[in-house]
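As structure tokens, the structure follows; a few thoughts come after it.
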Amino acid sequence: MKKLKLIIVVTIFIAIITAIAVYLNPDKDNVKQLEKKDFKSIEISSGEQVYTYNNYIYIYGKVGIKIIKGEKTLLQDSFSLEDPYVVTSYNRIAIGDKNGKVVRVYSNEGHMYTVNTVDSILGFTINRDGFLSVILKGESNYQIDVYNNSGDNIYSIKNISFNEGVPVSVSISEDNEVLSVSYIKTIGATIDSNIVFYSIQDGQTFGGVVKQNQIVGIIKFMDNYNIVCISDEEIFVIKCNSAKTAEQVKEIYRKPLNNILKDVAFLDGIGYVVCYGQPITKNENALEENTVVFYNQSGGEIGKYYKKGKNITNISANNFGAVLQESRLFTAVDKSGKKIWEYQATQDIKDVIFYDSSNKALIVTNDQIKIVKIDKVLLDKQIDENHTEKETEET
């Protein structure tokens, strides 16, 4: 009996050692091959970037833009830019040169309009309907122009002096009625921010919020007349009930920053996502470094993701959630903070983006886009180069 027990123990021991060896050496001949994943590919040049909206792919760079749906190229437009700057909203995309004088606006249906300016462009933003707001810098003052989705200049704020404040961020409400501007004003050694609201229809100022000793560098209208504002001290949300109501402007949410902000991204129709960095001070309200939090359009927390030991360096977000980059590891999480899948690359990757659904992604390298389906985990070795379907481009 003792001998039999010894044989059983030895057999179990050998089985365990074999299993460990198989796990640690998956490329051995006696191990079943990893499941190969077919993928479609689109060739791109090294300087091009990618944006997606549902199943539309926007490829843009210094020499032009291309919009693709499925196997069909919907638009291919050529231009020349030195340093492309891009803003997006749903299916709209605006592209121009930093400090340039031209902005081109596109939708998934094609080219919408082009704006040419006399003064240099400091920044611009676009809303869901394709309305564009542009900050211009003249010789001694600033100007803000608003264009409708036909490219008509429908409103301007002219001759903004340095003493009035420098416009650093603009946003247009989703119903195209309100323009909001964040001005930074320096008084002696102090820097204040003033967020002002204008009626686009009649040009009247109807409200504002002043933040003392803060630099409010980002403002963005949500779908519900809320505008998210991000400064070096806090994230806050202002309720702007339009220019037609009695209680027009009211701060409804405020979160002091106890951590450095590593990254912020907006999710169309949902809210925004923040990756928090190191705690600014030792505070019980500070989050662990590399905590990712999802917020709705009113500032309410709707999801959180944290895994000890991670060092997140980039976030790519859309309405399916966010893809978190940590070197060559990409983790996809939905807006509740639940992990959906992981992709482990063996080479440097420019970006990984949700595409058309939560389990499909675009893997963007220097020379191609790979469209793949990811269930839970995807390794580079699973993408079979011998079973590639090239996207055909039909114009």
Side-chain angles (χ1 to χ4, degrees), residues 168-169 171 180 182 184-185 189-195 208-240 249-327 329-342:
V168 295
S169 186
S171 188
S180 183
S182 176
I184 292 178
K185 188 173 183 179
T190 64
I191 299 177
D192 296 339
S193 292
N194 189 12
I195 298 93
V209 173
V210 176
K211 290 291 180 176
Q212 295 181 331
N213 298 312
Q214 291 189 38
I215 299 174
V216 181
I218 299 174
I219 60 173
K220 183 172 175 59
F221 266 110
M222 300 286 101
D223 291 350
N224 57 355
Y225 265 115
N226 290 350
I227 184 165
V228 176
C229 308
I230 301 175
S231 79
D232 57 335
E233 295 287 337
E234 62 185 9
I235 299 175
F236 57 100
V237 178
I238 299 170
K239 182 72 173 178
C240 166
V249 175
K250 180 181 178 182
E251 185 176 315
I252 61 171
Y253 169 82
R254 175 179 176 269
K255 177 180 173 56
L257 293 180
N258 299 299
N259 296 68
I260 295 171
L261 296 184
K262 292 186 73 172
D263 206 350
V264 178
F266 290 93
L267 293 77
D268 290 331
I270 297 173
Y272 57 101
V273 56
V274 179
C275 178
Y276 291 95
Q278 293 180 341
I280 297 172
T281 59
K282 290 185 177 180
N283 188 315
E284 62 180 8
N285 295 319
L287 297 169
E288 293 287 346
E289 186 176 358
N290 293 298
T291 297
V292 177
V293 183
F294 292 82
Y295 300 92
N296 62 24
Q297 299 181 73
S298 300
E301 183 179 316
I302 57 176
K304 183 184 292 184
Y305 175 84
Y306 171 73
K307 187 174 180 181
K308 189 174 182 179
K310 277 192 171 294
N311 181 27
I312 297 168
T313 56
N314 184 60
I315 294 179
S316 293
N318 60 24
N319 57 320
F320 296 112
V323 180
L324 316 176
Q325 181 179 0
E326 183 188 9
S327 186
L329 176 65
F330 297 82
T331 302
V333 295
D334 64 20
K335 59 181 180 291
S336 71
K338 180 182 177 181
K339 186 173 79 171
I340 308 171
W341 47 258
E342 282 188 348

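The structure displayed is predicted, hence computed values, not measured ones. We're numbering straight along the sequence, starting at 1.
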Contact check, side chains of [X] and [Y], non-hydrogen atoms, under 4.5 Å:
X      : Y      : value
Leu287 : Lys304 : yes
Thr331 : Tyr305 : yes
Met222 : Asn296 : no
Lys185 : Asn194 : no
Asp192 : Asn213 : yes
Val209 : Val216 : no

Can you check whether [Y]'s main-chain N or O pairs, donor with acceptor, with [X]'s side chain at less than 3.5 Å?
X      : Y      : result
Lys239 : Asn224 : yes
Ser169 : Ser182 : no
Glu284 : Ala286 : no
Asn226 : Val237 : no
Asn319 : Asp268 : no

Sole residue of Glu289, Lys262, Glu326 in side-chain hydrogen bond (donor to acceptor under 3.5 Å, both in side chains) with Asn311: Lys262
CD/Gln212: more than 12 non-hydrogen atoms of other groups inside 6.0 Å: no
Lys/Arg-Asp/Glu bridge criterion (N-O < 4.0 Å) met for Glu233, Lys211: no
Plane angle bin for Tyr295 and Tyr276 - parallel if under 30°, tilted between 30 and 60°, otherwise perpendicular: perpendicular
